[in-house]
Trainee: 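Below is the structure I would like to discuss, written out as structure tokens.
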Number of protein chains: 2
Amino acid sequence: MASPHTSIRHDRDSVARTALALLDEVGLADLSMRRIAARLDVQPSALYWHFASKQELLAELSDRITATIDAPGPDVVATARAIRDALFTHRDGAELVLSTYALRLGSSRAQSALARALTDAGADDADDRAAALLQFVLGHATLVQQRMHADSYGALPADGPHDATAGLDRIFDLGVNALAGVTHSPTLRD
Amino acid sequence: MASPHTSIRHDRDSVARTALALLDEVGLADLSMRRIAARLDVQPSALYWHFASKQELLAELSDRITATIDAPGPDVVATARAIRDALFTHRDGAELVLSTYALRLGSSRAQSALARALTDAGADDADDRAAALLQFVLGHATLVQQRMHADSYGALPADGPHDATAGLDRIFDLGVNALAGVTHSPTLRD
DNA sequence: ACCTGAACACCGTTCAAGT
DNA sequence: ACCTGAACACCGTTCAAGT
């Protein structure tokens, strides 16, 4: 085993992996450079050898989250679900991707996957639909994850007449179907 | 005029109004309790007489932003536009409302306005559609405002083949129409 | 009723210097 | 190539004490 006095050297990958694991433990609001450094047994300033800023580190985490999306082919609904599930894989994943998204508009792999599926499905405005669909998925997933967090803290205002989390899957499907252009007769008849 | 040595006393309203004005100047990321206090010529601790926490202050700002939505009747698209415009009225308005939204799911005035319009339009699943619609509007508006901010800092990766901001209105209309249940022929060409 | 002063436990980031 | 140590300019929040 390694001697306890031998400090372990890190690289970009190990820093990002540790940060992603810490994200799941503490959430985005408490994911500080100092905490990540402490987890790596390193001074905070050491992180700046690997990443120019916290923003750059968060962008890397966002890329890793969206990189796990496997394009399931021409099924638009399945693609949207795959994106949502990738966001749900890590705590506050949707908020992180959303907050990091502004820079690379249109070039994201998530949006490209949707655009491809929509093109295969015969949509004439695939790019616009893909953009709208992704905006819906990000908004939806962000709110769902926020609500999960609020619930676990008991900060919710007493569940009300009907359970709120229960209908979220239904709302997601409704939104995706509508945006995908699924009409009441979804199959092409010619 | 008031003597320069006479400190002005504040209340909940004046603190919130100052914070909202400061939001437009510095943005959500730089809206700190200490900055708000400085603008009010007051110690940071003074704010905690009026608001229990920063979170509570931000929730108040969010309420003030959404309170300006005037329900324009049974037109779903017009209602969605009114919500988007209210979010755009203040810098980072969409992100602020989105981040504050988890606690009061379903009870928001924005969602209620959409649900009313959808019911009037004869939708059988008005509540679900209203939720999906609001999630799309929040996702869309958050990304648009982020992009505006990124653009003004020159952090954008060279505009690419076609201008990215130009198509945003088109994408918004496409999304709202699809989610509102508007079937084909939205454009009048005849 | 509303605010000050002082403290506590934190932040992100820079930079010379070490190995 | 990767990290330490020290510093700088900040954070949100609490609480006794003042007026």
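Naming: A, B, ... by sequence-line order, numbering from 1 per chain.
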Trainee: Write down the distance between CH2 (B:W49) and C1' (C:dA1), rounded to a whole number of angstrom.
Mentor: 5 Å
Trainee: For a quick test of reading the model: is some side-chain N or O of A:H10 closer than 4.0 Å to OP1 or OP2 of D:dA1?
Mentor: no
Trainee: Between which residue ranges does DNA chain D form stems of three or more consecutive Watson-Crick or G-U wobble pairs, both distances under 3.5 Å?
Mentor: C:4-8 with D:12-16, C:12-16 with D:4-8
Trainee: Heavy atoms from C-beta onward define the side chain here; which of C:dT13, C:dC2, D:dC3 lies closest to that of A:K54?
Mentor: C:dT13
Trainee: Evaluate the ring planes of A:F172 and A:F136, with Trp represented by its six-membered ring, and classify them as parallel (under 30°), tilted (30 to 60°) or perpendicular (over 60°).
Mentor: parallel
Trainee: Could you give the CG-to-P distance, from B:L47 to C:dC3, as a whole number of Å?
Mentor: 9 Å
Trainee: Return whichever of A:P44 or A:R34 has its heavy-atom-nearest nucleotide of DNA chain D closer to the 5' end.
Mentor: A:P44
Trainee: In terms of side-chain heavy atoms of B:V42, which of C:dC3, C:dT13, D:dT13 is nearest?
Mentor: C:dC3
Trainee: Find the distance B:E56:CD to D:dG12:C1' and express it as a whole number of Å.
Mentor: 14 Å
Trainee: CG/B:L133 to CD/B:Q111 distance, rounded to the nearest 0.5 angstrom?
Mentor: 9.5 Å
Trainee: Please measure how far the C1' atom in C:dA16 lies from the corresponding atom in D:dC3, and state the result in whole Å.
Mentor: 13 Å
Trainee: Once you round to the nearest 0.5 Å, how far does CG of B:L174 lie from CG of B:D169?
Mentor: 12.0 Å
Trainee: Roughly how many Å is it from CE in A:M33 to C1' in C:dT14, rounded to a whole number?
Mentor: 12 Å
Trainee: Salt bridge check: are A:D124 and A:R129 linked by an N-O gap of less than 4.0 Å?
Mentor: no
Trainee: How long is the span from the CZ atom in A:R81 to the CD1 atom in A:I69, to the nearest 0.5 Å?
Mentor: 15.0 Å
Trainee: Round to a whole Å and report the spacing from OH of A:Y48 to P of C:dA16.
Mentor: 17 Å
Trainee: Write down the distance between CG (B:L31) and P (D:dC10), rounded to a whole number of angstrom.
Mentor: 16 Å
Trainee: Find which nucleotide of DNA chain D each of A:A46 and B:R35 is nearest to by heavy atoms, and output the residue with the more 5' nucleotide.
Mentor: A:A46
Trainee: In this structure, how many angstroms lie between the P atom of D:dC8 and the CD atom of A:Q43, rounded?
Mentor: 17 Å
Trainee: Would you give the length of the straight line joining atom NE2 of B:H140 to atom CD of B:Q145, rounded to the nearest 0.5 angstrom?
Mentor: 10.0 Å
Trainee: Is B:S45 side chain donor-acceptor paired with the C:dG5 base, going by distance under 3.5 Å alone?
Mentor: yes
Trainee: Side-chain contact, heavy-atom cut-off 4.5 Å: B:L31 with B:L61?
Mentor: yes
Trainee: Between C:dC2 and D:dA17, how far apart are the C1' atoms? Round to whole Å, please.
Mentor: 13 Å
Trainee: Tell me: CD1 of B:I8 to P of D:dT19, nearest whole Å?
Mentor: 20 Å
